[in-house]
Undergrad: 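Following this message is one structure expressed as structure tokens.
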Amino acid sequence: MIDKTYNVGIYCRLSNDDERDGESVSIENQKLLLQNYVRQRGWNEVDVYIDDGYSGTNFNRPGVQRLIEDAKAKRINLILVKDLSRFGRNYIEFGQYTDYLFPSIGCRFIALNNGIDTQNQDGSTDVMCFLNLFNEFYSRDTSKKVKAVKKACAESGKFMGTYPAYGYKRDPVDKHHLVIDEDTAPTVRRIFAMRASGMGFHAIAAALNEEGVQPPGVLYYQRKGQNDPRRVNHKWADTTVKSIIRNEVYIGNMVQGKTGTMSYKSRKLIGKPEDEWIRVEGTHEAIISRSVWDTVVSIDKKHVRKNATSDGYKSIFTGLVYCADCGFKMRNHTEKFTYKDGRPGRYSSFICGNYARSGKSACTVHTIYEHVLEQLILADIREKARLAEHDPERLAQQIVQLKEKESRTRLSSYEQELRTVTARISELEHLMQNLYEDKCTGTIPQTVFQTLMRKYEAERAEKTEQLPELERKVKDHMGSRQDASQWTELIRRYTEITELDETILFELVDRIEVGDTRKERGLRVCDIKVYYRYVGNVDDALKQEGRGQYEEAV
């Protein structure tokens, strides 16, 4: 019997999370199968709704949303799909449509291969909920398998991202391997060089924009020969520069798994904690050296901000000078004056930031002129460079011995503290268990139980928070012993330097501590300690065997 009262909406879907058994589930085959079924019954085909490449785990798909809107508008009164899994694999949302929405608007639903027809009263729809549940289980299982495969590939160092980082491109031979893009790598090296000289993210972005360098997003669409559809200003931004500078991919490391979806039903990305990231070192050729990377990391940790004065002057020492007594950063202070011949001049000095902010009650002035500081640091660097040039192995050995002595003392302290905290946490858990048992047996009243339980729980939470930091300190002090050799190789390049600049300072120096001034034989004197990167204060190591011996030998 031919029934022409039905206006049919045919729905087809296919995505990567669906099982593909050859051509049988292709969009075109689904469409032909369902159209033949409609013609055989003499129904009126209104439209075909297609979602190609969309997951069935949610219903935020353009095709299915248009289908539902047409059903609500009475444009169609029968929805036809190949099987239940084509319509969706979300058990709860599926039921909302088939059990509530469609019956309420008088829309019939047929899943052809499952024998489901909501008009029939033969009980065939009773199994629909179970079939939907199995479809959701299938989707969940597929999601787990896909994630497991991707994680295994990431752990083996394979690139699993969609777009390679700026400065790299996919290896034509292996799409999971990165090779340097010689067109953009020079820009990456320049960005790191500018940051290593102390430039801020905004200043770097401004310099690139002034030179007309194409930012990553614009370059991507330009290479594809497409118009950039993004509603942005198509310029370098400080966030873009920051993401490049903080990306380990440029030293040859692959760091993946920083984000993930909330569940297999949601495509929304959420950030993962750093301890869950997948980091594999040495997976591809580095664009920048490790020493440059360490320099920019050091600058980030110092939170260096170089604010120019009204005449544009910026001190090369900003962010490196600290008060030896209170530990505050020292502020750069300038004084302008005029020479007798009318020429303008200036004095640039550093004073304790704590003193400058809060006065004598916080700290003392700890002042030093910049030109004096520059002469002292330049002389110290050249002296250390000559020592490293003369006998690098002996110098490195002395530094290692001092650092190992300090490390053993600190390591022992950290290990003891870690053992104490761990033991106390175990003790608290035991006390809480006994407390609960006493409460159950009626040994102690409820009010006492609640008071003690809150006290123990608060202490346990506090101790538990201390564990990660203590474990990190223990790990750091048991780390690499190659820092001294790395430092000697680095500083021996500077035996003949005659002038300091920001790049040299940030590459070599971690911090400079300035002591309070005092008078000795009518002169103002202050102690200065230079802490070099990798090794700290080298003078302590040199004093162990007599610094004068090295000076005479050199």
Undergrad: Report, as yes or no, whether the 6.0 Å neighbourhood of atom NZ on Lys258 holds more than 12 heavy atoms from other residues, nucleotides or ligands.
TA: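 Yes, the 6.0 Å shell around NZ holds more than 12 heavy atoms from other groups.
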Undergrad: Would the Phe87 and Phe59 ring centres measure less than 6.0 Å apart?
TA: yes
Undergrad: CG/Asn44 to CD1/Ile76 distance, rounded to the nearest 0.5 angstrom?
TA: 11.0 Å
Undergrad: Apply side-chain contact (heavy atoms from CB on, under 4.5 Å) to residues Lys169 and Ile180 and explain how you reach the verdict.
TA: CA-CA 6 Å; Lys169 59 185 179 180; Ile180 293 177; over 6 Å; no
Undergrad: Nearest 0.5 Å, please: how far is CD1 in Ile278 from CD in Glu155?
TA: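 Reported to 0.5 Å precision, the distance equals 5.0 Å.
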Undergrad: Are Phe506 and Arg533 packed together at the side-chain level, in the sense that at least one heavy-atom pair is separated by less than 4.5 angstrom?
TA: no
Undergrad: May I ask you to decide if Arg39's main-chain N or O and Asn36's side chain share a donor-acceptor pair within less than 3.5 Å?
TA: no
Undergrad: For Arg66, is there an ion pair with Asp47 - N to carboxylate O distance below 4.0 angstrom?
TA: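 A salt bridge is present here (some side-chain N lies under 4.0 Å from a carboxylate O).
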Undergrad: Can Glu281 and Met254 be said to form a side-chain contact (heavy atoms from CB on, under 4.5 Å), step by step?
TA: CA-CA 6 Å; Glu281 298 184 0; Met254 192 71 71; over 6 Å; no
Undergrad: Kindly indicate whether the side chain of Val249, heavy atoms from C-beta on, has any atom under 4.5 Å from the side chain of His284.
TA: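 Yes. Closest side-chain heavy atoms under 4.5 Å.
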Undergrad: Treating Thr295 as the side-chain partner and Ala196 as the backbone partner, does any N or O pair qualify as donor plus acceptor under 3.5 Å?
TA: no
Undergrad: Work out which heavy atom in Cys107 is nearest to a heavy atom in Ala71; give both atom names and the distance.
TA: SG-CB, 4.2 Å
Undergrad: If only atom types and distance count, is the side chain of Ser104 paired as donor or acceptor with the main-chain N or O of Leu101 below 3.5 Å?
TA: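 Checking the backbone N and O of Leu101 against the side chain of Ser104, a donor-acceptor pair under 3.5 Å is found.
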Undergrad: With a 4.5 Å cut-off on side-chain heavy atoms, are Pro164 and Phe159 touching?
TA: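 With C-beta onward as the side chain, the pair touches.
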Undergrad: Would you say the side chain of Arg189 lies within less than 4.5 Å of the side chain of Ile287, judging by non-hydrogen atoms?
TA: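 Ile287 reaches Arg189 side chain to side chain.
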Undergrad: With side chain to side chain donor-acceptor pair (under 3.5 Å) as the rule and sequence neighbours excluded, what pairs involving residues 246-255 come up?
TA: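 Every pair satisfying side chain to side chain donor-acceptor pair (under 3.5 Å) with a residue in residues 246-255: Arg246-Asp300, Glu248-Asn253, Glu248-Arg279.
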Undergrad: If you measure from CD on Glu45 to CG on Asn7, what distance do you get to the nearest 0.5 Å?
TA: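 Here the rounded value is 11.0 Å.
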Undergrad: Just do the salt bridge (charged side-chain N to carboxylate O under 4.0 Å, His left out) check on Arg424 and Glu427 with the steps written out, would you?
TA: CA-CA 5 Å; Arg424 181 55 179 167; Glu427 181 184 0; 3.2 Å; yes
Undergrad: Going by heavy atoms in the side chains, are Ser243 and Tyr166 under 4.5 Å from each other?
TA: no
Undergrad: Could you give me the CA-CA distance, side-chain angles and deciding distance for Arg13 and Asp51, then say whether salt bridge (charged side-chain N to carboxylate O under 4.0 Å, His left out) is met?
TA: CA-CA 5 Å; Arg13 184 187 64 83; Asp51 284 318; over 6 Å; no
Undergrad: Would you say that more than 12 heavy atoms from the other residues, nucleotides or ligands in this model lie under 6.0 Å from the CG of Asn227, or not?
TA: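 Atom CG in Asn227 is not packed in, count stays at 12 or less.
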Undergrad: Please lay out, stage by stage, how Ile425 and Leu467 fare under the test side-chain contact (heavy atoms from CB on, under 4.5 Å).
TA: CA-CA 10 Å; Ile425 291 174; Leu467 276 180; 3.5 Å; yes
Undergrad: Can you give me the closest heavy-atom contact between Val292 and Ile288, atom names plus distance?
TA: CG1-CD1, 4.5 Å
Undergrad: Could you tell me whether a side-chain N or O of Ser197 sits under 3.5 Å from a main-chain N or O of Met194, the two making a donor and an acceptor?
TA: yes
Undergrad: Please round to the nearest 0.5 Å and tell me the distance separating atom OH of Tyr456 and atom OG1 of Thr451.
TA: 11.0 Å
Undergrad: Using modelled atom types and a 3.5 Å cut-off, is there a donor and acceptor pairing between side-chain atoms of Asn77 and backbone atoms of Tyr6?
TA: no
Undergrad: Taking atom NZ of Lys455 as the centre, does the number of heavy atoms from other residues, nucleotides or ligands within less than 6.0 Å exceed 12?
TA: no
Undergrad: Within the structure provided, determine whether Trp236 and Ile191 are in side-chain contact (heavy-atom separation under 4.5 Å).
TA: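 Yes, at least one pair of side-chain atoms sits under 4.5 Å.
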Undergrad: Between Ile110 and Val81, is any pair of side-chain heavy atoms under 4.5 Å apart?
TA: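 They are not in side-chain contact.
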Undergrad: Can you check side-chain hydrogen bond (donor to acceptor under 3.5 Å, both in side chains) on Asp238 and His202, steps first, answer last?
TA: CA-CA 5 Å; Asp238 52 357; His202 182 77; 4.8 Å; no
Undergrad: Could you tell me whether the side chain of Ile79 reaches within less than 4.5 Å of the side chain of Arg108, counting heavy atoms only?
TA: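 With C-beta onward as the side chain, the pair stays apart.
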Undergrad: Atom CD of Glu459 and atom CZ of Arg454: how far apart are they, to the nearest 0.5 Å?
TA: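 Glu459 atom CD to Arg454 atom CZ measures 15.5 Å (nearest 0.5 Å).
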Undergrad: Yes or no on salt bridge (charged side-chain N to carboxylate O under 4.0 Å, His left out) for Glu210 and Lys235, after CA distance, side-chain angles and deciding distance?
TA: CA-CA 10 Å; Glu210 288 176 5; Lys235 298 287 186 181; over 6 Å; no
Undergrad: For residues Tyr163 and Tyr220, establish whether the separation of their ring centroids is below 6.0 Å.
TA: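 Distance test on ring centres: under 6.0 Å, yes.
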Undergrad: Taking only residues two or more places apart in sequence, or in another chain, which ones meet Thr239 in a side chain to side chain donor-acceptor pair (under 3.5 Å)?
TA: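 By the side chain to side chain donor-acceptor pair (under 3.5 Å) rule, Thr239 matches no residue at all.
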Undergrad: In this structure, are over 12 heavy atoms from other groups packed under 6.0 Å from His234 atom NE2?
TA: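 Enclosed.
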Undergrad: I'd like to check the side chain to side chain donor-acceptor pair (under 3.5 Å) partners of Arg61; sequence neighbours left out, ordered by chain and number.
TA: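 Arg61 satisfies side chain to side chain donor-acceptor pair (under 3.5 Å) with Tyr11 only.
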Undergrad: Might you work through the salt bridge (charged side-chain N to carboxylate O under 4.0 Å, His left out) test for Arg460 and Glu457, ending with a clear yes or no?
TA: CA-CA 5 Å; Arg460 185 178 69 166; Glu457 182 59 41; 2.9 Å; yes
Undergrad: Within this structure, what is the CD1-CG distance for the pair Ile27 and Leu14, rounded to the nearest 0.5 Å?
TA: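 Here the rounded value is 5.0 Å.
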Undergrad: Could you tell me whether the side chains of Tyr54 and Asn60 share a donor-acceptor contact shorter than 3.5 Å?
TA: no
Undergrad: Which heavy atom of Glu507 sits nearest a heavy atom of Ser291, and at what distance?
TA: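 Smallest interatomic distance, heavy atoms only, reads OE2-OG, 4.5 Å.
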Undergrad: Within 45° of the axis and under 6.0 Å from the centre of the six-membered ring of Phe201, does NZ or CZ of Arg195 qualify?
TA: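 Yes, cation above the ring, under 6.0 Å and within 45°.
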Undergrad: Can you name the one residue among Leu320, Ile316, Thr318 that meets side-chain contact (heavy atoms from CB on, under 4.5 Å) with Glu502?
TA: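 When Leu320, Ile316, Thr318 are each tested with Glu502, the side-chain contact (heavy atoms from CB on, under 4.5 Å) holds only for Ile316.
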Undergrad: Measure from the side-chain N and O atoms of Lys74 to the backbone N and O of Ile105, and report whether any donor-acceptor pair falls under 3.5 Å.
TA: yes
Undergrad: Cut-off 3.5 Å, side chains only: do Arg41 and Tyr37 have a donor facing an acceptor?
TA: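 Side chains of Arg41 and Tyr37: pair found under 3.5 Å.
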Undergrad: Under 6.0 Å from the CD atom of Glu285, do we count more than 12 heavy atoms belonging to anything else shown?
TA: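 Not buried by this count: 12 neighbours or fewer within 6.0 Å.
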Undergrad: Kindly determine whether Gln35 and Ile10 satisfy side-chain contact (heavy atoms from CB on, under 4.5 Å), including the steps that lead there.
TA: CA-CA 8 Å; Gln35 286 177 329; Ile10 295 174; 3.7 Å; yes
